[in-house]
2 protein chains.
Amino acid sequence: MAGNEHFRQLLKSGNLKSTKHRNAILEALEKNDVPLTAEELYLHLKEDGVSISLSTVYRILETLVERNLAARFNLPDENKAVYELKHDQHRHHLLCVKCRKLLPVDGCPLEAYEKLLEDRFGFTVKGHQLEVFGYCADCSEKRDSK
Amino acid sequence: MAGNEHFRQLLKSGNLKSTKHRNAILEALEKNDVPLTAEELYLHLKEDGVSISLSTVYRILETLVERNLAARFNLPDENKAVYELKHDQHRHHLLCVKCRKLLPVDGCPLEAYEKLLEDRFGFTVKGHQLEVFGYCADCSEKRDSK
DNA sequence: ATGCAAATGCGAATGATTCTTAATAATATT
DNA sequence: AATATTATTAAGAATCATTCGCATTTGCAT
Ligand SMILES: [Mn+2]
Ligand SMILES: [Mn+2]
Ligand SMILES: [Zn+2]
Ligand SMILES: [Zn+2]
């Protein structure tokens, strides 16, 4: 219950009531530090003794995304959405197609490209979605030795 | 039935039989030049008088992706997959969040970034998924005048 | 033309996500 | 602290996208 006040503030900033479930989801998202599916969150909470309905997990996530406190996107070759907290520092991820591990990478290589798109196409860029996939260091090694 | 031989070759290159349905889907994908959902393809074929089962559409698309003749991915805020032919020139898309129009953009700004990731993380990059979203030229104008 | 493997139709099954409604909990007010 | 107001939640049904199973048809090599 330490950083609880932190979440309360965050929720207030989005005009949202501070509830046990919302706090628990924010905490799980913060603790894990990689994008998670609704069901993964549901199971994590359950393990932590927080009883919650799966549809509530979905509803809370939807709300967080709406209020711009979280982001929702799809990983390559997954037919379910994952969610992560919006960080102060915008980030992307490396997805290992073999072991499915996710490696967060801070920073973004696209500022210049977005300017170019605005100039060339008259498009007003609001954001982007970038996921890089391949083999992580561990899985690359194994592949080499073949 | 003009460029039909073209598709026949393409399919042969993937060890696939040339069928009416596969040719029709390749043709629809080529003609439209933007990523389409399975259902959109299904409806396009229907309009062109090609009777096909929706599950066959899914199966054909799955096969094309498997043989690396097509790509499957998700657009931001859509809970369904879209498909497009693999082009000689790798491309990305601008998605207008207002009118949902898609604008293909040839070329890719990520070569240098991927090298950097390989160096810094020992990750072997196999590919990426990048979609940029915002307001298209038309929708930007309307927004300005508010 | 014949045979066989591959492709398809069609409906059922599955999986993810959203919706509906009644019950409950969080804040504002007294 | 009790009450009123309103947002939130549980539970399961409903919906939507996608995959599966199996009987039938089709493409293609011989
Ligand atoms: Mn970025
Ligand atoms: Mn690219
Ligand atoms: Zn790996
Ligand atoms: Zn637009």
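Below, chain A is the first sequence line, B the second, and so on; all start at residue 1.
- Taking a 6.0 Å sphere around NZ of A/Lys86, one finds it holds more than 12 heavy atoms contributed by other residues, nucleotides or ligands.
- A/Ser140 places a side-chain N or O within 3.5 Å of a backbone atom of A/Cys136 that can act as its donor or acceptor partner.
- At least one donor-acceptor pair under 3.5 Å links the side chain of B/Arg22 to the backbone N or O of B/Lys17.
- B/Ser51 comes within 4.0 angstrom of sugar-phosphate atoms only, judged by non-hydrogen atoms across all strands, and of no base.
- Of the possible donor and acceptor atoms, one in the side chain of A/Thr63 sits under 3.5 Å from a partner among the backbone N and O of A/Arg59.
- Legend: salt bridge (Lys or Arg N to Asp or Glu O under 4.0 Å) pairs involving residues 103-113 of chain B, not counting sequence neighbours, sorted by first then second residue: B/Arg91-B/Asp106.
- Grouping the Ile, Leu, Val, Met, Phe, Trp and Tyr side chains by contacts below 4.5 angstrom, directly or via other members, places A/Val82 apart from A/Val105.
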How would nucleotides 17-30 of chain D be written as a contact map, 5' to 3', with B for base contact, S for sugar-phosphate-only contact and - for no contact, using protein heavy atoms under 4.0 Å? SBBBB-----BS--

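- Along DNA chain C, the stretch of nucleotides lying under 4.0 Å from any heavy atom of chain A spans, 5' to 3', C/dA16 to C/dT27.
- Side chains of B/His128 and B/Glu114: a donor on one and an acceptor on the other come within 3.5 Å.
- For the pair A/Ser53 and D/dT9, the criterion of a side-chain N or O lying under 4.0 Å from OP1 or OP2 is not met.
- Of all non-hydrogen atoms in A/Val57 and A/Ala38, the two that sit nearest each other are CG1-O, 3.5 Å.
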